[in-house]
Q: 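Take this structure, written in structure tokens, and hold onto it; I'll ask about it next.
Labels below follow one simple rule: chain letters A, B, ... track the order of the sequence lines, proteins then strands, and each chain is numbered from 1. FYI, side chains are in, hydrogens and waters are out, and symmetry mates aren't considered; it's all heavy atoms of this structure.
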There are 2 protein chains.
Amino acid sequence: MTSQTELQPAPERLQVTTLQPQSRATLADVGRLAGVSSKTVSRVVLDSGNVSKDTRDKVLAAARSLRFRPNHLARNLRHGSVTNTVAFIIGDLTNPFYFLVAAGIERELARHGLMMILAATDDDPASEERVVQNLLDQRVRALLMVPIAADQGYLEGERQLGTPVVCIDRPARNLIADSVVLGSFEATAEAVRGLIRAGHRRIAFVCSPAALYTHQERLRGYRQALREAGVLDSSPWERLENPGGPTAEESVRDLLAMSEPPTAIIAGNNHASLGVVRALGNHFDRLAFIGFDDFELADALGISVIAYDPAELGRRAAQLVIARLNDLIGPPQQIEIATHLIHRGSGELLVPRDQ
Amino acid sequence: MTSQTELQPAPERLQVTTLQPQSRATLADVGRLAGVSSKTVSRVVLDSGNVSKDTRDKVLAAARSLRFRPNHLARNLRHGSVTNTVAFIIGDLTNPFYFLVAAGIERELARHGLMMILAATDDDPASEERVVQNLLDQRVRALLMVPIAADQGYLEGERQLGTPVVCIDRPARNLIADSVVLGSFEATAEAVRGLIRAGHRRIAFVCSPAALYTHQERLRGYRQALREAGVLDSSPWERLENPGGPTAEESVRDLLAMSEPPTAIIAGNNHASLGVVRALGNHFDRLAFIGFDDFELADALGISVIAYDPAELGRRAAQLVIARLNDLIGPPQQIEIATHLIHRGSGELLVPRDQ
DNA sequence: CTGTTAGCGCATTCAA
DNA sequence: TTGAATGCGCTAACAG
């Protein structure tokens with residue numbers, strides 16, 4: 001990649017042929033109509049005092065008749081060129097989980113007069129830096145991101161310029177940044193311990209993609225609980241698939257066909273849970289089942305899950321951004337969102353009699 | 001509301017105390033270092049020719065060493081003050097349907113160097129205008145919206161200024177604007193006709209909220225098909241609830257408890273479908289069931305649905321925006337997205353023998 | 001091939 | 001209480 005390419009801004013494929021049949025009124029236009037200077041209009045619009053009631057009324061009348069609207073761009077250019085927007089960068093826009101996170105972010109940002117730009121990397125680690133750079137060129141005020149690239153070190157310069165970066169769901173690598181994550185390790189370990197207390201020993205773990213931080217954490221928790229119970233080798237029941245490999249559904253069918261099939265199963269994320277449901281069909285009593293992430297209809301189907309509020313993830317992350325924007329000082333924070341096990345039946349099944 | 005309030009921009013609660021420890025390099029900075037004028041740097045950055053290879057290399061080296069990044073804000077201020085952002089305004093951010101639409105929009109916009117700002121009105125018609133005005137003050141380039149207010153006439157002035165407005169899922173009122181909608185009427189009528197051919201006559205329709213354009217269209221289609229079959233009064237089986245009223249699940253339970261219960265049911269949207277599933281429990285063979293909107297696990301549960309691609313809705317809407325941005329001429333368009341009935345079993349149940 | 005001038009819309013500094 | 005000058009970062013239009 002040449003530095004030329006580095007410098008290229010977002011491809012400006014749209015010509016600015018917006019030949020506006022009419023143009024927007026400016027402070028000067030309003031001032032002309034009201035017979036005052038643009039600065040006086042500015043004072044009225046900003047309500048920054050020192051304007052006589054008389055002038056004020058004249059200006060407001062003129063502003064209304066011209067349909068004047070302040071130009072935030074120009075306003076912000078004046079003080080250091082920032083917008084009122086914060087970016088949220090996700091890998092896969094179609095995952096309902098991130099949508100709920102985005103909803104939490106949007107709500108919190110809106111409370112503080114900030115808007116959310118949603119951007120996607122299409123789960124392509126290589127595109128993360130490009131997307132981020134593009135957003136920074138648009139002068140977003142802060143970055144919220146679910147890191148996907150192996151390394152976020154490229155953001156170090158930006159951080160020094162004062163742009164807050166908050167990572168969601170996974171911590172950043174090679175970058176000092178705040179993050180908001182789940183207690184995946186402990187939550188999974190605790191769920192598995194429950195299964196063990198119910199008598200299970202052959203407990204499977206299904207999840208994909210294997211490489212994700214969260215999935216690795218959950219795998220660690222799963223192994224930890226099994227180790228505590230004396231099960232030292234769980235590898236026969238671990239199915240962490242990679243993109244292109246078998247689906248969760250296929251993995252479960254495969255597990256069920258074993259000569260010594262598992263008596264319980266943990267799904268590492270919502271996607272894997274759906275695979276389990278599909279594989280089990282109507283035979284939910286065939287084995288105990290706990291999924292990580294709540295999902296639509298899990299209640300109706302009686303499926304126990306490790307749940308938490310995705311919107312809370314977003315809300316907390318947005319709060320961190322706002323705190324940083326108001327005061328850059330302070331060490332990076334790592335916030336952990338609480339999870340809790342919802343008992344709906346599937347996770348409470350005991351080991352079948354004949355085992 | 002005083003005009004003062006009208007003029008107030010988004011509450012600027014954040015102080016710009018971003019005391020940047022270091023500041024961003026500008027064209028002039030790069031020029032100084034490279035020993036050329038800022039205009040020459042601009043030419044290099046824009047790759048607009050007329051720069052000797054020698055100068056070019058010097059400039060690129062300087063730009064890189066200063067970590068120069070072009071300021072799109074200033075650039076755009078120069079040509080009429082617009083950003084590279086397009087707003088998508090939704091009522092309820094947590095509805096997975098709109099999320100998929102948003103994904104389609106984001107993808108299409110990104111292909112053209114535009115970014116998507118996602119904004120929510122929290123299903124409050126009164127907040128629509130405020131949210132829109134705020135976005136316009138930030139100079140978004142176009143508006144994509146799921147209209148919720150009773151009237152979009154307040155956008156007329158903006159339209160004349162050349163800002164494209166594209167409505168999604170429902171047409172605008174009192175405003176000339178493009179729209180992308182579903183063929184709700186015909187799709188529902190056709191689904192009901194199928195049930196009638198299978199012998200059904202007592203067919204219920206469950207949906208909420210009642211007031212929505214799409215839901216009214218679907219109701220019309222439902223009634224039309226019944227009328228064709230000689231069922232002139234379907235009111236006993238129509239359950240269009242309003243916010244605060246019974247849930248879809250409750251409506252279905254109520255229907256099932258009738259002395260002459262329906263033998264088939266149409267759910268007017270994905271939310272109503274979930275209610276039906278919950279109410280039916282495991283007794284999916286109790287009546288025929290077709291839902292409008294596909295939903296997660298509908299395949300696993302064997303539920304027939306009227307399906308379409310939500311991302312396609314977004315994609316087409318974004319394409320309209322881009323077309324308008326490039327050429328404002330042409331009459332408003334109304335695009336209809338195709339729907340198709342997916343047969344999964346639940347919609348193919350015949351009328352029970354004893355009826 | 002390169003530089004100068006000017007101005008986008010606004011708000012800060014300083015004067016009146 | 002009001003206004004004039006200035007500059008934010010960038011790029012058209014016009015020199016040279």
Side-chain angles (χ1 to χ4, degrees), chain A residues 7 9-10 12 15-18 20 23-32 34-59 62-63 66-84 136-139 161, chain B residues 7 9 12 15-16 18 20 23-32 34-59 62-63 66-84 136-139 161:
Chain A
L7 276 178
E12 188 85 11
Q15 301 138 28
V16 186
T17 45
T18 354
Q20 306 186 335
S23 62
R24 274 174 226 279
T26 69
L27 285 182
D29 295 329
V30 176
R32 242 184 317 274
V36 298
S37 79
S38 67
K39 178 54 196 164
T40 301
V41 180
S42 167
R43 276 196 263 262
V44 173
V45 170
L46 291 179
D47 204 17
S48 61
N50 288 351
V51 179
S52 73
K53 170 139 183 29
D54 217 41
T55 314
R56 192 187 144 79
D57 291 343
K58 257 193 320 193
V59 168
L66 292 179
R67 286 209 182 81
F68 172 80
R69 287 260 112 208
N71 184 337
H72 282 216
L73 250 54
R75 183 181 287 174
N76 286 329
L77 177 61
R78 195 68 185 67
H79 346 248
S81 234
V82 278
T83 57
N84 285 324
L136 291 174
D137 290 351
Q138 315 281 341
R139 294 298 187 268
L161 286 173
Chain B
L7 274 179
E12 189 86 9
Q15 301 138 31
V16 187
T18 354
Q20 305 187 337
S23 62
R24 275 173 225 280
T26 69
L27 285 182
D29 295 331
V30 176
R32 241 182 320 272
V36 298
S37 78
S38 64
K39 177 58 190 161
T40 300
V41 180
S42 167
R43 277 196 262 262
V44 172
V45 170
L46 292 178
D47 203 16
S48 60
N50 287 351
V51 179
S52 74
K53 171 141 182 23
D54 218 39
T55 314
R56 190 187 146 78
D57 290 344
K58 258 193 316 192
V59 169
L66 292 179
R67 286 208 182 82
F68 171 79
R69 286 262 113 209
N71 184 336
H72 281 217
L73 251 51
R75 180 182 290 172
N76 286 329
L77 178 61
R78 194 67 186 68
H79 337 278
S81 232
V82 278
T83 57
N84 286 324
L136 290 175
D137 290 350
Q138 314 282 342
R139 295 297 189 268
L161 286 173

Q: Name the closest nucleotide to the B:S37 side chain, picking from C:dC1, C:dG3, D:dG3.
A: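 Nearest listed nucleotide: C:dG3.
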Q: Minimum heavy-atom separation for B:V59 to B:A34, with atom names?
A: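 Minimum heavy-atom separation between B:V59 and B:A34: CA-CB, 4.1 Å.
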Q: Assess whether a salt bridge exists between B:R67 and B:D29, defined as any Lys/Arg side-chain N lying under 4.0 Å from an Asp/Glu carboxylate O.
A: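 The answer is no: the pair does not qualify as a salt bridge.
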Q: Between the side chains of B:D54 and B:K58, is the shortest nitrogen-to-carboxylate-oxygen separation below 4.0 Å, so that they form an ion pair?
A: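 Salt bridge absent between B:K58 and B:D54.
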Q: Considering only side-chain heavy atoms of B:V36, which listed nucleotide, C:dG3, D:dG3, D:dT1, is closest?
A: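 Output: C:dG3.
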Q: Short question: side chain of A:S38, backbone of A:G31 - any donor-acceptor pair under 3.5 Å?
A: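 Pair absent, no side-chain N/O of A:S38 close to backbone of A:G31.
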Q: Do you know which two heavy atoms are closest between B:F68 and B:V30, and how far apart they sit?
A: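 Shortest heavy-atom contact: CB-CG2, 3.6 Å.
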Q: Quick one: what's the B/S/- string for nucleotides 6-16 of chain D, heavy-atom cutoff under 4.0 Å, read 5' to 3'?
A: -BBBBBB----
Q: For the helix from C:dC1-D:dG16 to C:dA16-D:dT1, how many degrees between its two end axes (five pairs per end), to the nearest 10°?
A: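 Comparing the first five pairs with the last five, the axes sit 40° apart.
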Q: Work out which heavy atom in A:R139 is nearest to a heavy atom in A:T83; give both atom names and the distance.
A: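 That closest heavy-atom pairing would be O-OG1, 2.7 Å.
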Q: Give me the atom names and distance for the closest heavy-atom approach of A:H72 to B:Q138.
A: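 Residues A:H72 and B:Q138, closest heavy atoms: ND1-NE2, 3.4 Å.
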Q: Measure the distance from NZ on A:K53 to C1' on D:dT2 and round it to the nearest whole Å.
A: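 Taking atom C1' of D:dT2 as the reference, NZ of A:K53 is at 18 Å.
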Q: Can you name the nearest heavy-atom pair linking A:R43 to A:V51, along with the distance?
A: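 Between these two residues, the closest heavy atoms are CB-CG2, 3.7 Å.
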Q: Whole Å only: how far is the CG atom of A:D54 from the P atom of D:dT2?
A: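 In whole Å, D:dT2 P lies 9 Å from A:D54 CG.
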Q: Could you tell me whether the phosphate oxygens of C:dC1, OP1 or OP2, come under 4.0 Å of any side-chain nitrogen or oxygen in B:T40?
A: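 Checking C:dC1 against B:T40, no side-chain N or O comes under 4.0 Å of OP1 or OP2.
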